[in-house]
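Order of the sequence lines sets the chain letters (A, B, ...), proteins ahead of strands, with each chain counted from 1.
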2 protein chains.
Amino acid sequence: MPKPAEVEELLRGAGLRVTRPRVGVLSAVYRRPHADTDSIVGAVREDLGEVSTQAVYDVLRALTKAGLVRRIEPAGSVARYESRVGDNHHHVICRSCGAIADVDCAVGEVPCLHASDDHGYEIDEAEVVFWGTCPACRSAA
Amino acid sequence: MPKPAEVEELLRGAGLRVTRPRVGVLSAVYRRPHADTDSIVGAVREDLGEVSTQAVYDVLRALTKAGLVRRIEPAGSVARYESRVGDNHHHVICRSCGAIADVDCAVGEVPCLHASDDHGYEIDEAEVVFWGTCPACRSAA
DNA sequence: CCCGTTGATTGGAATGACTCAAGACTACAT
DNA sequence: ATGTAGTCTTGAGTCATTCCAATCAACGGG
């Protein structure tokens with residue numbers, strides 16, 4: 001959980017200008033892993049007051065392009081963002097409630113898996129999603 | 001590529017009624033692997049004439065629930081459908097043009113991978129997506 | 001320390017995939 | 001043949017996301 005000053009340093013290091021919405025959004029992503037855009041907007045507004053929805057969308061795209069956050073798009077869900085980047089970890093998602101948890105990659109480097117037949121593609125990443133039922137939903141059933 | 005009679009048999013075997021839109025949609029999915037809804041609508045209309053877009057959506061959902069087709073939702077793309085079901089294969093997707101190719105699973109049975117830490121989830125499937133650049137886009141660059 | 005340029009933010013409107021509701025219709029069983 | 005559960009159609013609506021033009025602010029050069 002980086003301090004505001006560290007967040008600013010992260011932005012500067014990525015060649016991005018330091019603005020209030022950007023600091024707020026990046027902090028919110030650190031604070032709430034796997035949050036969707038809507039809840040990030042809410043979190044930022046709690047901190048900063050008024051921020052336009054479009055600013056958050058724009059900032060998230062800029063942060064994603066800069067490699068400071070990672071956008072994940074599980075099937076059947078809206079886009080979500082997380083701050084863990086560069087360590088090529090994977091996710092386990094509950095089919096029932098949509099909860100997401102991180103799963104460390106056994107290999108650690110991309111691409112961690114190799115296709116049996118790559119069809120001539122030059123593969124740079126292997127994305128793994130484990131689908132299942134989380135403990136809470138399992139005991140509720 | 002099943003004949004119309006075989007398609008009807010597939011539908012009946014899944015406990016679904018045999019209707020013109022259903023036969024048309026299921027044939028179209030066999031004919032065009034990894035097609036999105038829009039191009040399936042187009043393909044069905046070529047065969048049958050007028051079919052409402054909503055009927056296609058509805059049929060695709062029914063076929064998915066019955067396990068006759070599989071819905072895949074690659075990040076940054078609309079939903080796509082394929083007829084290969086039950087063999088737990090994976091996909092390689094071109095970052096540039098979105099082309100999708102099948103990759104046979106080395107294991108063959110679900111779940112083919114096991115998480116290093118399952119967080120208590122009961123995992124029933126491991127979905128793998130390989131991201132890269134297809135031969136055509138690579139030579140065009 | 002101030003100022004201008006460049007890039008960010010805002011607000012409004014639009015896009016597009018997908019869903020919902022209500023009624024007409026039809027495949028299939030009795 | 002006939003009833004009925006399940007399909008198809010039409011039309012409207014939802015929601016995440018994007019586009020555009022105008023305003024505004026960060027930050028490096030003076």
Side-chain angles (χ1 to χ4, degrees), chain A residues 4-5 7-26 28-29 34-45 47-66 68-69 71-81 98, chain B residues 4-5 7-28 34-45 47-66 68-69 71-81 98:
Chain A
V7 171
E8 291 188 15
E9 206 45 50
L10 281 167
L11 289 169
R12 254 183 264 274
L16 295 173
R17 289 190 186 171
V18 178
T19 64
R20 282 166 54 77
R22 290 187 171 180
V23 175
V25 168
L26 189 48
V29 173
H34 312 130
D36 58 36
T37 307
D38 208 48
S39 83
I40 292 174
V41 169
V44 174
R45 287 198 177 135
D47 285 7
L48 307 180
E50 271 310 304
V51 181
S52 74
T53 307
Q54 289 75 2
V56 175
Y57 271 100
D58 207 10
V59 167
L60 283 171
R61 181 152 35 161
L63 294 179
T64 303
K65 202 169 77 180
L68 291 179
V69 305
R71 178 190 176 110
I72 55 182
E73 301 177 47
S77 162
V78 300
R80 290 163 180 276
Y81 295 86
Chain B
V7 171
E8 290 187 18
E9 205 45 50
L10 281 168
L11 288 169
R12 255 183 264 274
L16 294 174
R17 289 191 185 170
V18 177
T19 63
R20 282 166 55 74
R22 291 189 169 179
V23 175
V25 168
L26 189 48
S27 308
H34 312 131
D36 57 37
T37 308
D38 208 48
S39 84
I40 292 174
V41 169
V44 175
R45 289 200 176 133
D47 285 7
L48 308 180
E50 270 311 304
V51 181
S52 74
T53 307
Q54 288 74 2
V56 174
Y57 271 100
D58 206 11
V59 168
L60 283 172
R61 183 152 32 162
L63 294 179
T64 303
K65 201 170 76 178
L68 291 179
V69 305
R71 177 190 177 109
I72 55 182
E73 300 177 49
S77 161
V78 299
R80 292 163 178 275
Y81 294 87

For this session: Keeping the roles fixed (side chain from A/Glu73, backbone from B/Gly76), state whether a donor-acceptor pair exists under 3.5 Å.
Result: yes
Seminar exercise, completed: When the rotation axes relating C1' atoms of four end pairs to the next four are compared across the helix from C/dC1-D/dG30 to C/dT30-D/dA1, five pairs an end, they differ to 10° by 30°
Seminar exercise, completed: Separation of C/dA8 atom P from A/Leu26 atom CG, nearest Å, is 15 Å
Exercise. Separation of A/Arg61 atom CZ from D/dT18 atom C1', in whole Å?
Worked result: 7 Å
Problem set entry | For atom CG of A/Leu60 and atom P of D/dA16, their distance in whole Å | 14 Å
Exercise. If you look at every strand shown and take non-hydrogen atoms under 4.0 Å, does A/Ala62 touch a base, only sugar-phosphate, or nothing?
Worked result: nothing
Seminar exercise, completed: To the nearest angstrom, the CG-C1' distance between B/Leu63 and D/dT7 comes to 13 Å
For this session: To the nearest Å, give me how far apart CG (B/Asp58) and C1' (C/dC18) are.
Result: 12 Å
Exercise. Touch check for A/Asp36, heavy atoms < 4.0 angstrom, all strands: base, sugar-phosphate only, or nothing?
Worked result: nothing
Exercise. Taking all non-hydrogen atoms of both residues, which atom of B/Glu8 and which atom of B/Val18 are closest, and how far apart?
Worked result: CG-CG1, 3.6 Å
Problem set entry | Sidechain-backbone polar pair: B/Ser27 side chain, B/Val23 backbone, donor-acceptor under 3.5 Å | yes
Exercise. Can you check whether B/Val51's main-chain N or O pairs, donor with acceptor, with B/Arg45's side chain at less than 3.5 Å?
Worked result: yes
Exercise. Quick one: is C/dC18 close enough that its OP1 or OP2 comes under 4.0 Å of any side-chain N or O from B/Thr37?
Worked result: yes
For this session: Could you state the atom-to-atom distance from CG of A/Leu11 to C1' of D/dC27 in whole Å?
Result: 14 Å
Exercise. Looking at A/Thr19, does any N or O in its side chain come under 4.0 Å of the phosphate oxygens OP1/OP2 on C/dT9?
Worked result: yes
Exercise. How many angstroms lie between NZ in B/Lys65 and CG in B/Leu60, if you round to the nearest 0.5 Å?
Worked result: 14.0 Å
Seminar exercise, completed: Between B/Ala14 and B/Leu68, the two heavy atoms sitting closest are CB-CD1, 3.9 Å
Problem set entry | Donor/acceptor link under 3.5 angstrom from B/Arg17 side chain onto base of D/dA5 | yes
Exercise. What integer distance in Å separates B/Glu73:CD from C/dG16:P?
Worked result: 20 Å
Exercise. Given atom CZ of A/Arg20 and atom P of D/dC27, what is their separation to the nearest angstrom?
Worked result: 14 Å
Seminar exercise, completed: All heavy atoms of A/Ile40 vs all of A/Ala28, minimum pair found to be CG2-CB, 4.3 Å
For this session: Starting from the 5' end of DNA chain C, give me the residue, B/Val78 or B/Arg12, whose nearest nucleotide shows up first.
Result: B/Val78
For this session: Between B/Gly15 and B/Gln54, name the one whose nearest nucleotide on DNA chain D is closer to the 5' end.
Result: B/Gly15
Seminar exercise, completed: Closest to the 5' end of DNA chain C, once B/Leu16 and B/Tyr57 are matched to their nearest nucleotides, is B/Tyr57
